[in-house]
Colleague: 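I have a structure here, written as C-alpha cells, and I will follow up with some questions on it.
Proteins come first, then strands; the chains are lettered A, B, ... in the order of their sequence lines, and each starts at number 1. As a basis for the values below, the full set of heavy atoms in this structure was taken, side chains included, without hydrogen atoms, waters or symmetry mates. Fair warning: this is a prediction, and the values are worked out from it, not measured in the lab.
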Protein chains: 2
Amino acid sequence: MPAAAATASGPGRRAGLDPDEVVAAALALVEAGGPEALTMRKLAAELGVGTTTIYWHVGSREELIAAVVRRRSEQQAATPIRGATPIDRIASVATHIMRGALDHPQVTTLAYQVGALSELEQPLEEALVAEIAAAGLRGRAAADALRAILLTVAGFIVVGLEDPATAKADARLFDRTIRAVIADRLPEEAS
Amino acid sequence: MPAAAATASGPGRRAGLDPDEVVAAALALVEAGGPEALTMRKLAAELGVGTTTIYWHVGSREELIAAVVRRRSEQQAATPIRGATPIDRIASVATHIMRGALDHPQVTTLAYQVGALSELEQPLEEALVAEIAAAGLRGRAAADALRAILLTVAGFIVVGLEDPATAKADARLFDRTIRAVIADRLPEEAS
DNA sequence: ACCTGAACACCGTTCAAGT
DNA sequence: ACCTGAACACCGTTCAAGT
C-alpha cells in the first residue's frame, strides 16, 4: 500500500518540507522567543521533523539566519514618503528605517549579532539615496550624507533595542537630531 | 607532610585563586578571542583549575561578564579634554568615548550583547555631563543634549564594530556629524 | 573556605543509512 | 531526492563530596 507512505514516519518518508517553510518557521521562532530561541532542534521539532532535515533544506545555522534576515528585509515594504521639503522627506525615510527595526526588535537583534544590520535596512536605504539625490547632492557629498544619516539612525536603533521603554520617549529626540544631521549636509537652498 | 598539600591536586587543594585573578583572565580571553572564546571551561583550563571553581569565586557566566565589563570600564581612564570652546571640548569627549570603545572591540561587543554598552561609557559620560553644564545647559535641555550625543556616538560605535576597516575612514564623518548634533543643542553664544 | 569530578540538560554538526 | 537516528565535540550549571 504505497499511499500509506505519505503519513508514515521514519527515515525516507516524505515530509513535504521546502526551504520557504523552514525559513518562515525560523522567523516565527525568533519573533516569539528572540535569537536564542532559534536552535536547530527546536525548529525541527516545531516542523515535526528530524533535526538534520533542516540541514538538507537550508544548510547550517549561519545560512539559516542569513535567510531569515533576508526574508524580513523583503517584508520591509516600500513605505510612503511624507513631506514637501527635502529635509522633511529624508527625515521621513530615516524615521521609517528606525521604526521598522524597532517594530521587530528580535529579528533586528539577530541581524545585528551576525553583522547584517545594513542588509535589513537595504530596501529603505534605496529610498534614502533617491531623496538625497533629489535634494541636489551628488558623488562624495551624497555618499557622506547617506552614511552620516545611517550611522545616526543605527545609534537610535541599537540603544532602542536595549531599552524599548525609553525608545518611544526618544521619538522627538530622534526627529530633532536627524534633522540637525541632514541640515548639516544639504545645500543652502534645500534646507 | 602537610607542606606537600600546597602543590597537590585534587579536591580540597588550595589553588590560591581570587576573584580579581579570574576576572583578569576572563578579560584577557575576551580580548584575545572575542566573546565566544569566554567559556567557563576554557577559562578554568587557562587558570589550571576545575571548571566549577569559577562558580565559587565569581558566580555564573552572566555575573562573570558583568565583572569583566566593569573591569574594562575602570581601565577607561579619565582622559585629557582638549579644546577651548564648549563645542570643541564636548566633541573631544565624544571622540574619546568612541575611540575607547573601538580600541577594545571584543569587550565592547561583549558589553553590547549583554546590554551594558552604557556602563562601558559611564566614566567618560560624567566628563560629558560636566562639559555640557559648562556650556550653559541645565535640566531638560542638558539631559536631551547628553542623550542625543550618546545615541549618535552609539551608532558610530556599533557600525564601527561591524566593520573596523571603514571605521577609521569614518573619523572625519564622525567629527562633522557630532559637531552638528552638539551645535543644535548649544545656546547661541556658546557655539 | 575552597576546590573537585560526575552528571544533567542542552547545543551545532557530520555521516552512514534508510526509502 | 529527501529524511532519519546515532554519534561527536562542545556548552552552562548543579551538587555531593573531598580537605
Colleague: Whole angstroms only, please: what is the CG-C1' distance between A/Leu17 and D/dC3?
Modeller: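 To the nearest whole Å, that distance equals 10 Å.
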
Colleague: Please tell me whether A/Trp56 and A/Val49 are part of a single hydrophobic cluster in this structure, the criterion being side-chain heavy atoms less than 4.5 Å apart.
Modeller: no

Colleague: Restricting to pairs with a member in residues 36-48 of chain A, which pass side chain to side chain donor-acceptor pair (under 3.5 Å), not counting sequence neighbours?
Modeller: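 Every candidate side chain to side chain donor-acceptor pair (under 3.5 Å) pair involving residues 36-48 of chain A fails, so no pair, neighbours aside, qualifies.
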
Colleague: Can you sort out the partners of A/Asp163 under side chain to side chain donor-acceptor pair (under 3.5 Å), two or more places apart, ordered by chain and number?
Modeller: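 Applying side chain to side chain donor-acceptor pair (under 3.5 Å) to A/Asp163 gives A/Thr166.
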
Colleague: In this structure, how many angstroms lie between the P atom of D/dT13 and the CD atom of B/Glu63, rounded?
Modeller: 9 Å

Colleague: By a strict heavy-atom criterion of less than 4.0 Å, which residues belonging to residues 24-44 of chain A are in contact with DNA chain C?
Modeller: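 Those residues are A/Leu38, A/Thr39, A/Met40, A/Arg41, A/Lys42.
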
Colleague: Measuring from the side chain of B/Thr52 (C-beta onward, heavy atoms only), which nucleotide among C/dC3, C/dG12, D/dC15 has the closest atom?
Modeller: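 For B/Thr52, the side-chain atoms sit closest to D/dC15.
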
Colleague: Any salt bridge (charged side-chain N to carboxylate O under 4.0 Å, His left out) involving residues 55-66 of chain B? Give me the pairs, sequence neighbours left out, ordered by first then second residue.
Modeller: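 Counting only pairs at least two positions apart or across chains, no salt bridge (charged side-chain N to carboxylate O under 4.0 Å, His left out) contact touches residues 55-66 of chain B.
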
Colleague: Check the distance between C/dC15's P and A/Tyr55's OH and give it to me in whole angstrom.
Modeller: 12 Å

Colleague: Listed by chain and number, what are the side chain to side chain donor-acceptor pair (under 3.5 Å) partners of A/Thr79, not counting sequence neighbours?
Modeller: none

Colleague: Only pairs under 3.5 Å count here: list side-chain donor-acceptor contacts from residues 93-103 of chain A, not counting sequence neighbours, and write none if there are none.
Modeller:
from, atom 1, to, atom 2, distance (Å)
A/Thr95, OG1, A/Ala91, O, 2.8
A/His96, ND1, A/Ser92, O, 3.1

Colleague: Among residues two or more places apart or on two chains, list those pairs meeting salt bridge (charged side-chain N to carboxylate O under 4.0 Å, His left out) that have a residue in residues 143-157 of chain A.
Modeller: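 Output for this query lists A/Arg140-A/Asp144, A/Arg147-B/Asp170.
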
Colleague: Can you name the side chain to side chain donor-acceptor pair (under 3.5 Å) partners of B/Gln113, sequence neighbours left out?
Modeller: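 With sequence neighbours excluded, B/Gln113 shows a side chain to side chain donor-acceptor pair (under 3.5 Å) to no residue whatsoever.
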
Colleague: Closest approach to the side chain of A/Trp56, judged atom by atom: which nucleotide of D/dC3, C/dG12, D/dT13 is it?
Modeller: D/dC3

Colleague: Taking all non-hydrogen atoms of both residues into account, name the closest pair between A/Ala135 and A/Leu186 and its distance.
Modeller: CB-CD2, 3.7 Å

Colleague: I want to check one thing: is the phosphate of C/dA1, taken as OP1 and OP2, less than 4.0 Å away from some side-chain N or O of B/His57?
Modeller: no

Colleague: With respect to the side chain of B/Arg61, which nucleotide from C/dT13, D/dG12, D/dC3 is positioned closest?
Modeller: D/dG12

Colleague: Write down the distance between CG (A/Leu64) and C1' (C/dC11), rounded to a whole number of angstrom.
Modeller: 15 Å

Colleague: Counting runs of three or more consecutive pairs, Watson-Crick or G-U wobble, with each distance below 3.5 Å, where are the stems of DNA chain D?
Modeller: C:4-8 with D:12-16, C:12-16 with D:4-8

Colleague: Going by number, which of residues 107-116 of chain B have a non-hydrogen atom under 4.0 Å from DNA chain D?
Modeller: none

Colleague: Scan residues 119-138 of chain B for pairs that pass side chain to side chain donor-acceptor pair (under 3.5 Å), counting only residues two or more places apart or in two chains.
Modeller: B/Arg89-B/Glu131

Colleague: Taking side chain to side chain donor-acceptor pair (under 3.5 Å) as the test, write out the residues that go with A/Gln106, two or more places apart.
Modeller: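 Listed in chain order: nothing, the list is empty.
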
